[in-house]
Amino acid sequence: MTILHIQRTSAFDKNDFAQCVATVQSNDALVLIDDGCYNVTHSLFNTLKSLHADVKVFHIQEHAQARAIKIINSQSQPIAMAQLVELTFEYDSTITWQ
């Protein structure tokens, strides 16, 4: 069963991202939205990428821009909110971490 993980909070403020990283499996995907975009600069993000190199990672482009976070495409693929809705239909279930 594939899961789309939606991360809304920063690992610098809460431990939700640590729980998310511990739960993610190989065929899952992660979308960083709201303050979750800050997580690309957290050490847990590198842990996630090293444990599960095949996990697809996306971020809402407008949310990262609003927070002045520069995310390179090798870290995460930029998407719009409409694409997030489309992703919810591609996975068996969705978990929102907030």
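The shown structure was predicted, so the numbers you read here are calculated from the model rather than taken from an experiment.
- For residues 61-70, the pairs satisfying side-chain hydrogen bond (donor to acceptor under 3.5 Å, both in side chains) are D34-H63, D35-R67, with sequence neighbours left out.
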For residues 84-95, run the donor-acceptor check on the side chains, cut-off 3.5 Å, and write out each pair with its distance to 0.1 Å, sequence neighbours left out.
residue : atom : partner : partner atom : Å
T88     : OG1  : V85     : O            : 2.5
D92     : OD2  : T2      : N            : 2.8
D92     : OD2  : T2      : OG1          : 3.4

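- Heavy atoms only, all atoms of each residue included: C37 and A64 are closest at SG-N, 3.8 Å.
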Hey, mind stepping through V24 and L48 against side-chain contact (heavy atoms from CB on, under 4.5 Å) and telling me if it holds? CA-CA 8 Å; V24 168; L48 170 72; 3.9 Å; yes
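- Atoms CD1 and CZ, on I33 and R8 in that order, are 5.0 Å from each other to the nearest 0.5 Å.
- Tracing side-chain contacts under 4.5 Å through hydrophobic residues (I, L, V, M, F, W, Y), one never reaches F58 starting from I71; they form parts of separate clusters.
- The list of salt bridge (Lys or Arg N to Asp or Glu O under 4.0 Å) pairs with a residue in residues 11-32, not counting sequence neighbours, is empty.
- One finds the CD1 atom of I60 at 9.0 Å from the CG atom of L32 (value rounded to the nearest 0.5 Å).
- In the hydrophobic clustering of this structure, I79 does not group with F45; members are Ile, Leu, Val, Met, Phe, Trp, Tyr whose side-chain heavy atoms approach within less than 4.5 Å, directly or through other members.
- When hydrophobic clusters are built by joining Ile, Leu, Val, Met, Phe, Trp and Tyr residues whose side-chain heavy atoms come closer than 4.5 Å, directly or via intermediates, L51 is not grouped with L44.
- V21 is connected to V55 through a chain of hydrophobic side-chain contacts under 4.5 Å among Ile, Leu, Val, Met, Phe, Trp and Tyr, so both are in one cluster.
- Nearest heavy atom pair, residue L30 against residue F17, reads CD2-CE1, 3.9 Å.
- Rounding to the nearest 0.5 Å gives a distance of 9.5 Å between CH2 of W97 and CG of N15.
- Applying the side-chain hydrogen bond (donor to acceptor under 3.5 Å, both in side chains) rule to pairs touching residues 38-60 yields H59-S76, sequence neighbours excluded.
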